[in-house]
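See structure below.
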Amino acid sequence: QQKVQQSPESLTVSEGAMASLNCTFSDGTSNNFRWYRQHSAKGLEVLVSIFSDGEKEEGRFTAHLNRANLHVSLHIREPQPSDSAVYLCAVSMGGSNNRIFFGDGTQLVVKP
Amino acid sequence: EAAVTQSPRNKVAVTGGKVTLSCNQTNNHNNMYWYRQDTGHGLRLIHYSYGAGSTEKGDIPDGYKASRPSQENFSLILELATPSQTSVYFCASGVPDWASAETLYFGSGTRLTVL
C-alpha cells in the first residue's frame with residue numbers, strides 16, 4: 001500500500017522567509033498530487049495540484065514534483081502569520097484506482 | 001459556493017451508545033468519504049461512497065457503518081461506541097477530473113468524545 005511521508009514534522013519560519021515542505025511517496029506509478037492546508041482542527045482546503053514533473057504555481061504556493069525521486073515539495077513565498085497551519089500532502093494513482101493517501105502533515109508556524 | 005456541512009460539531013457519547021454523524025453536501029459530487037484524524041496517524045479512511053445507495057469499506061472500517069441514502073447525504077454510524085473511537089471525524093466530497101484525479105472538499109469536522 002502507498003506510503004506517504006512528510007518532513008519536517010514541524011517548521012517555524014519568520015514572516016517573509018521562504019517555507020519549504022517535503023513529501024515522499026512509495027508508489028512510482030502515482031500521477032497526481034495535491035497539497036492541502038488545515039487551520040486548527042478545521043477542514044482541509046486544497047492549495048495546489050500537480051500532475052507532471054516540474055513545478056506548478058498557485059499564487060504564493062509552488063509545488064515541485066520529481067517522480068523519479070518519489071518526491072513532491074511545497075514552497076510558500078513570503079509566508080504570513082495567517083499561513084500558520086498544518087499542511088498535508090495527498091497522493092493518488094488516478095484512473096480506476098483513485099484512492100487518495102495522505103501524509104501525517106507538517107505543522108507550520110509563521111512568526112511575525 | 002460548494003459546501004460540505006457536518007453535524008454535530010461536537011459530540012460526547014457514552015461507551016456502548018449509538019452515535020450517528022451526519023454529512024450533507026451541495027456540490028452534487030458522486031463520491032463522499034469519511035475520515036478520522038488522530039495525532040500520529042494523520043487522516044485515515046473509514047468508509048466511502050460512489051453514489052446514492054453505495055457504501056464501501058476504507059482502511060479502518062471496523063466498528064463503523066455508513067449510509068448513503070441520497071446524493072447529498074452520507075452518515076457514519078457507530079452502533080456501539082468505544083473510547084478508542086474518540087477522534088475528529090471529517091466528511092469530504094469529490095469528483096474525478098480529466099485525469100480521474102480527485103480534489104476533495106472537506107467539512108469542518110466533528111469532534112467526538114466517547115467516555
Side-chain angles (χ1 to χ4, degrees), chain A residues 1-7 9-10 21 23-27 29-53 56 58 61 63 65 67 72 85-107, chain B residues 1-7 9-10 21 23-25 27 29-50 56-61 86-113:
Chain A
Q1 178 156 305
Q2 174 89 263
K3 290 192 183 302
V4 180
Q5 294 186 300
Q6 293 186 236
S7 63
E9 285 188 19
S10 63
L21 290 65
C23 175
T24 60
F25 51 96
S26 61
D27 192 322
T29 65
S30 303
N31 65 5
N32 59 86
F33 309 84
R34 286 170 173 78
W35 284 96
Y36 288 83
R37 178 171 66 183
Q38 183 181 26
H39 283 111
S40 291
K42 293 185 179 177
L44 285 68
E45 57 174 339
V46 62
L47 297 173
V48 59
S49 303
I50 187 166
F51 307 116
S52 57
D53 286 344
K56 175 80 177 296
E58 294 285 355
F61 302 95
L65 174 63
R67 276 188 287 185
V72 59
V86 175
Y87 290 78
L88 290 98
C89 172
V91 180
S92 64
M93 277 77 88
S96 61
N97 179 12
N98 62 351
R99 284 289 304 278
I100 301 169
F101 296 89
F102 287 87
D104 288 351
T106 292
Q107 174 75 60
Chain B
E1 183 176 330
V4 179
T5 305
Q6 294 182 231
S7 63
R9 289 298 307 273
N10 294 281
L21 306 183
C23 179
N24 176 275
Q25 56 113 349
N27 304 326
H29 290 163
N30 288 336
N31 300 343
M32 295 187 75
Y33 302 84
W34 276 106
Y35 291 90
R36 62 178 284 179
Q37 186 177 40
D38 304 282
T39 303
H41 290 283
L43 280 168
R44 291 184 290 175
L45 182 64
I46 306 170
H47 283 288
Y48 58 102
S49 168
Y50 290 129
E56 306 287 340
K57 293 181 178 180
D59 297 322
I60 53 164
T86 294
S87 186
V88 180
Y89 291 84
F90 288 98
C91 174
S93 72
V95 61
D97 62 18
W98 63 271
S100 294
E102 196 166 11
T103 295
L104 299 183
Y105 297 85
F106 285 83
S108 297
T110 294
R111 184 174 295 276
L112 173 65
T113 303

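The shown structure was predicted, so the numbers you read here are calculated from the model rather than taken from an experiment. Lettering of chains follows the sequences in order, A, B, ..., and the numbering in each one begins at 1.
- Contacts of L45(B) with chain A are made by side-chain atoms alone, with heavy-atom separations under 4.5 Å and no backbone atom involved.
- Partner of L43(B) under the side chain to side chain contact (heavy atoms under 4.5 Å, CB included) criterion, out of D104(A), I100(A), L44(A): L44(A) alone.
- Under the side-chain contact (heavy atoms from CB on, under 4.5 Å) criterion, T5(B) pairs with no residue at all, not counting sequence neighbours.
- Note that CZ of F106(B) and OH of Y36(A) are 5.5 Å apart. Values are rounded to the nearest 0.5 Å.
- Listed by chain and residue number, D27(A), M93(A) satisfy the side-chain contact (heavy atoms from CB on, under 4.5 Å) test with T29(A) (two or more places apart in sequence, or in another chain).
- Contact detail for R34(A) and T103(B): the closest heavy-atom pair is NE-OG1, 2.7 Å.
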Problem - Worked check of side-chain contact (heavy atoms from CB on, under 4.5 Å) between Q37(B) and F102(A) - result: CA-CA 11 Å; Q37(B) 186 177 40; F102(A) 287 87; over 6 Å; no
